[in-house]
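Remarks on the structure that follows.
Below, all heavy atoms of this structure are taken into account, side chains as well, without hydrogens, waters or symmetry copies. Naming convention: chains lettered A, B, ... in sequence-line order (proteins, then strands); numbering from 1 in each chain.
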Amino acid sequence: MHEYDVIVVGAGGAGLRTAIAAQEAGADVAIVTKLHPVRSHTGAAEGGVNAALHPDDSVEDHAYETMKGSDYLADAPAVETFAENIPREVVQLERWGMAFSREEDGRISQRPFGGMAFPRTAYAGAETGHHLLHTMYEQVVKRGITVYDEWYVTRLVVTDEDDPADRRCHGVVAIDIGTGEVAGFHARNGVVLATGGAGQVFEHTTNAISNSADGMAMAYRAGVPLEDMEFIQFHPTTLPSTGVLITEGVRGEGGILYNAEGERFMFERGYANNAGELASRDVVSRAELTEVNEGRGIEDEYVHLDMRHLGEERIIDRLENIVHLAEDFEGVDPLEEPMPVKPGCHYTMGGIETDENGRTRIDGLYAAGECACVSMHGANRLGGNSLAELLVFGERAGRDAAGGEIEEPEVPTGRTDDAEEADFEPPVALGTAGVEPAPVADGGAMAASPADLVENAAESERARIDRLLERDDGVNHARIRATVQDTMGQHVNVFREESGLEQALRDVLEARSLYQEVHVEDPSRTFNTDLIQALETRNVIDVAETIVVGALAREEFRGAHWREKHQTRKDDEWLKHTFVSWNDGDPKLWYRPVVLEGEMQNYEPKERSY
Amino acid sequence: MSTDATETAAAETEAETNVAAETEAETDAAAETGTATETEPDVPSPGERRREAKRERAAERDAEAQREAEDVAASADDTVHLRVFRYDPDVEGKTEPYFDDFHVPFTKGMTVLDALIWARDNYDPSLTFRHSCRQAICGSDALFVNGRQRLACKTQISDMSEPVMVEPLPHSAVEKDLVVDMEHFYDQMEAVEPYFQTNELPEDELEEQRQTRENREKIKMSTRCIWCAACMSSCNIAAGNNEYLGPAALNKAYRFAMDEREGEDMTEHRLQLIEEENGVWRCQTQFSCTEVCPKDIPLTEHIQALKREAVKHNLKFW
């Protein structure tokens with residue numbers, strides 16, 4: 001068994017920022033990650049990181065535009081904390097040596113991005129995430145923080161009190177992918193989940209194949225509610241054949257979208273008469289698909305994104321990476337011809353419910369980054385706000401988990417007095433996935449020492465993995481995962497209909513039932529990716545289910561969540577967050593009002609026009 | 001039964017060897033001859049016995065799946081033929097390296113990684129390789145494809161001649177199938193103190209330390225490294241000398257040594273680091289690293305620039 005003050009699960013931007021902050025606050029920290037840190041998906045982020053750095057910009061404007069972008073489903077205290085703290089974080093990165101693109105005077109260069117009235121997005125070419133990830137990993141190396149790379153966390157060690165609010169997290173259990181060894185990791189102070197997004201729930205996604213929602217699913221099964229899961233961001237410009245991302249920076253620099261008739265449809269068809277291509281992502285995604293659905297798409301599938309008029313010099317200076325991506329993955333030279341693009345699943349705006357310090361309902365369990373929902377993206381995230389989010393809230397989660405000084409949070413968590421139960425009956429019977437429904441460590445906090453609990457959990461994980469490896473026959477996990485991805489791509493996409501959502505729920509249920517017989521064919525203990533993917537697939541199923549039930553229940557049109565029969569935002573009824581709690585394997589829905597009152601200002605919901 | 005498996009590829013001797021090896025393994029295990037005692041000196045536990053039985057079944061199924069796959073593939077018009085290196089120290093029948101043949105339905109735009117994933121998900125779930133972002137930024141799927149280090153995810157099948165030979169990166173210990181041990185590579189990266197170090201920071205915590213556009217341009221290419229280790233694997237010098245820092249680590253050293261934001265003292269310290277016995281002077285300017293780099297980093301040029309800096313820096317003290 002390994003023992004540390006703070007254990008960080010995941011080593012993308014959020015995990016690394018968390019680990020650095022925890023170490024600075026005096027904790028003995030270890031990072032446990034299924035990839036090597038530099039392989040994390042933060043590296044694929046392209047566009048940039050938003051911060052009000054310029055003297056003519058303001059923190060208040062950044063907060064306001066984030067609230068507006070969220071379609072008023074973000075919590076004001078989270079958004080204000082974020083906007084206030086991000087300039088210092090970005091300058092901090094610069095001081096760690098990050099090679100930002102520069103202005104003439106040597107300052108960090110910033111460019112316009114969708115949904116914001118000021119050029120607020122700091123960037124490093126079109127590979128900002130790569131620079132950010134590597135810069136932070138360098139700091140982790142510098143500080144000698146212990147990294148267990150290629151160790152896959154399979155379970156949280158959480159006590160089993162009835163009410164999740166009484167439970168405590170004492171550590172994690174992980175499998176060394178290289179050797180098959182299963183070990184317990186005891187966290188004296190806290191465990192921080194920083195496992196990233198859930199893109200693998202969908203078939204066409206910008207996300208890495210590793211983004212299988214592990215942290216969300218583990219926290220969910222341990223008793224932390226998942227919040228606002230129905231809000232999946234579809235990025236309007238992904239390459240049709242692979243889902244590879246073409247940064248919003250292309251439109252920020254002046255790239256233009258055209259339909260098959262050569263119309264600049266964002267203006268000519270009236271989707272966004274002021275902002276055009278730089279309207280918010282949900283608006284642009286719907287516009288593109290509407291063009292395709294109305295017969296003005298190219299090859300009935302996509303639209304064109306043209307940046308040729310920007311000139312080779314500017315493109316190479318600011319968007320060079322895009323030229324390579326379009327060439328390598330779509331066979332198109334964007335200096336010579338427009339790029340084909342269509343919307344793809346990009347970002348999970350919901351996630352593990354946390355407050356501004358990353359705390360969850362379970363004592364000692366924290367979350368930060370894309371896997372978490374502090375509730376600052378609401379129904380639609382602004383481009384450039386996710387790298388920014390992981391910095392601010394990664395830092396706070398790390399500091400808090402380490403016992404460092406931090407102010408009390410204002411974002412509520414759990415079932416506060418104004419929480420309400422959902423009046424929602426799923427149209428099909430739901431159930432648990434897999435052979436091990438029990439989410440929590442046995443024995444309870446009183447029965448054993450924390451170290452014993454961790455060891456018990458490790459022992460039961462060993463048994464579970466043995467059983468998976470020894471099962472003789474069954475269904476290949478790749479088939480089960482495909483069942484989920486196909487239905488989610490078809491029915492829970494940019495446009496959503498009730499019948500489609502119900503079909504998706506039935507298909508997810510089918511995947512659940514197949515998973516009871518999941519089969520690992522490779523018997524090896526050495527680098528068994530067959531086993532790891534089988535374990536991941538259960539997470540994909542559990543999280544897919546929360547997305548579908550949340551989407552079915554929310555009968556309105558807000559941000560990224562479009563419903564065919566409900567074409568208006570219903571503030572009277574739906575100005576509230578969706579929560580899904582694990583209820584012996586069945587998803588249980590409940591709601592809590594959005595907090596629109598901040599210290600800087602009150603964010604009165606207005607119609608969103610761009 | 002082994003003849004069926006290879007009827008479509010009479011010339012594919014490796015495949016025959018493979019099936020033959022598996023068949024032998026089955027016979028061995030069935031007879032419970034000395035092979036089991038070599039690896040398991042103690043009496044095996046019930047769990048271990050079950051796993052052992054499962055290994056045998058898996059080996060049998062692998063052979064069967066392979067035969068079926070080849071039959072199916074042989075009838076399809078548009079398939080791509082992959083010949084993939086296989087090895088698993090942990091599973092009988094795979095402890096000696098061999099090659100497997102996969103015939104994968106070809107689709108437009110298919111990359112080597114796509115083909116490997118298809119083969120794994122449809123023919124053989126035990127086929128093991130690293131991959132994640134599949135957009136050339138995570139650096140985890142550097143492989144030796146048709147005799148050259150490449151990222152599988154950005155290598156179009158249509159650019160390859162068949163059979164597409166897929167092997168692990170040369171000059172690294174193979175853990176299993178296409179997965180190599182990366183520890184040595186990571187150690188070399190860390191040896192050059194790969195982190196920004198400066199004492200000259202503005203007092204105000206919101207004040208940036210500035211960098212000129214020209215200086216950013218100078219280090220830009222060096223910052224693109226994704227740690228895929230293709231360069232290290234292609235370098236003859238690194239192959240023959242395990243201590244040589246190698247192109248990726250030296251490129252990392254360049255990235256910081258040339259960054260104007262680090263002070264003079266630090267630059268001097270960095271030049272000393274790379275001048276050591278196993279540093280820049282080992283480079284023989286063969287350009288293989290530069291040729292294979294999937295991010296087009298002029299690695300050899302960066303190493304030469306460091307050599308020049310090191311000479312200039314020494315001159316100052318003469």
Side-chain angles (χ1 to χ4, degrees), chain A residues 35-36 38-41 43-44 53 87-88 91-92 94-97 99-108 124-125 127 130-131 134-135 138-139 141-142 178 208-210 241-242 244-245 324-325 328-331 466 469-470 472 476 478-479 520-530, chain B residues 47 50-51 54-55 57-58 61 88-91 108-109 120-122 124-126 128-140 154 156 175-177 179 182 186 190 193-198 201 205-213 216 219-220 223-227 256 259 261-262:
Chain A
L35 304 168
H36 183 277
V38 301
R39 316 282 177 227
S40 305
H41 197 56
L53 297 173
R88 196 180 61 239
V91 173
Q92 170 77 82
E94 208 283 332
R95 290 170 169 222
W96 287 340
F100 281 105
S101 292
R102 301 287 165 176
E103 293 297 331
E104 284 296 352
D105 63 2
R107 287 178 187 274
I108 296 171
E127 42 203 17
H130 165 79
H131 284 269
H134 282 255
T135 301
E138 288 159 14
Q139 291 300 309
V141 171
K142 182 180 182 183
I209 294 168
S210 320
S241 59
T242 52
V244 165
L245 173 69
H324 298 310
L325 291 175
D328 293 340
F329 297 100
E330 202 68 40
D466 280 356
L469 284 176
E470 284 162 12
D472 291 342
N476 184 349
R479 189 185 137 203
V520 178
E521 193 158 315
D522 187 354
S524 182
R525 295 277 161 175
T526 304
F527 223 96
N528 191 336
T529 51
D530 193 15
Chain B
R50 281 198 300 278
R51 276 194 290 282
K54 182 164 180 171
R55 281 194 188 94
R57 284 194 299 274
R61 261 198 305 274
D88 187 334
D90 206 22
V91 171
K108 188 173 164 280
R120 180 194 68 198
D121 287 352
N122 294 281
D124 181 0
S126 73
T128 304
F129 45 95
R130 288 190 179 98
H131 65 290
S132 183
C133 79
R134 51 93 180 93
Q135 62 180 79
I137 196 72
C138 80
S140 60
K154 66 172 277 195
Q156 292 285 327
E175 288 185 31
K176 176 176 172 182
D177 292 351
V179 174
M182 294 286 291
Y186 296 147
E190 295 197 4
E193 300 185 11
Y195 34 81
F196 192 65
Q197 299 178 72
T198 181
L201 288 172
E205 64 169 6
L206 286 173
E207 177 71 27
E208 303 157 40
Q209 194 195 22
R210 303 188 187 193
Q211 180 185 29
T212 61
R213 282 185 166 181
R216 194 221 176 223
I219 64 163
K220 183 176 86 179
T223 61
R224 293 205 172 148
C225 176
I226 55 175
W227 298 43
F256 289 111
D259 192 321
R261 293 170 296 170
E262 284 195 342

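B/Lys154 places no side-chain N or O within 3.5 Å of a backbone atom of A/Asp328 that could act as its donor or acceptor partner. Judged by distance alone, the side chain of B/Arg261 and the main-chain N or O of A/Gly97 form a donor-acceptor pair under 3.5 Å. Put simply, the side chain of A/Arg39 gets close to the backbone of B/Ile226: a donor and an acceptor are under 3.5 Å apart. No donor-acceptor pair under 3.5 Å is formed between the side chain of A/Arg102 and the backbone N or O of B/Thr212. Panel note: side chain A/Glu94, backbone B/Gln209; a donor-acceptor pair is recorded below 3.5 Å.
A heavy-atom distance below 4.5 Å is not found between the side chains of A/His41 and B/Cys138. Between B/Ser126 and A/Glu521 there is no side-chain heavy-atom pair separated by less than 4.5 Å. Side-chain contact between B/Pro125 and A/Asn476 is present, with heavy atoms from C-beta onward closer than 4.5 Å. Side-chain contact between A/Val91 and B/Glu207 is absent, with no heavy atoms from C-beta onward closer than 4.5 Å.
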Quick one, A/Asn528 with B/Asp90, criterion side chain to side chain contact (heavy atoms under 4.5 Å, CB included). Give me CA distance, side-chain angles, the key distance, then yes/no. CA-CA 10 Å; A/Asn528 191 336; B/Asp90 206 22; over 6 Å; no
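Atom-to-atom distance recorded for A/Leu325:CG and B/Gln135:CD is 6.0 Å, nearest 0.5 angstrom. The CD1 atom of B/Ile137 lies 11.5 Å from the CG atom of A/Leu245; values are rounded to the nearest 0.5 Å.
In this structure, B/Leu201 and A/Arg95 approach most closely via the heavy-atom pair CD2-CG, 3.7 Å. The two residues B/Pro194 and A/Glu138 make their nearest non-hydrogen contact at O-CG, 2.9 Å. In this structure, A/Thr526 and B/Pro89 approach most closely via the heavy-atom pair OG1-CG, 4.0 Å.
Applying the salt bridge (Lys or Arg N to Asp or Glu O under 4.0 Å) test to B/Arg224 and every residue at least two apart in sequence or in another chain returns A/Glu127, A/Glu320.
Aromatic ring orientation, A/His36 versus B/Trp227: tilted (interplanar angle from 30° to 60°).
For B/Asp88, the part lying under 4.5 angstrom from a heavy atom of chain A is the side chain only. Contact annotation for B/Lys220: only side-chain heavy atoms (C-beta onward) come within less than 4.5 Å of a heavy atom of chain A.
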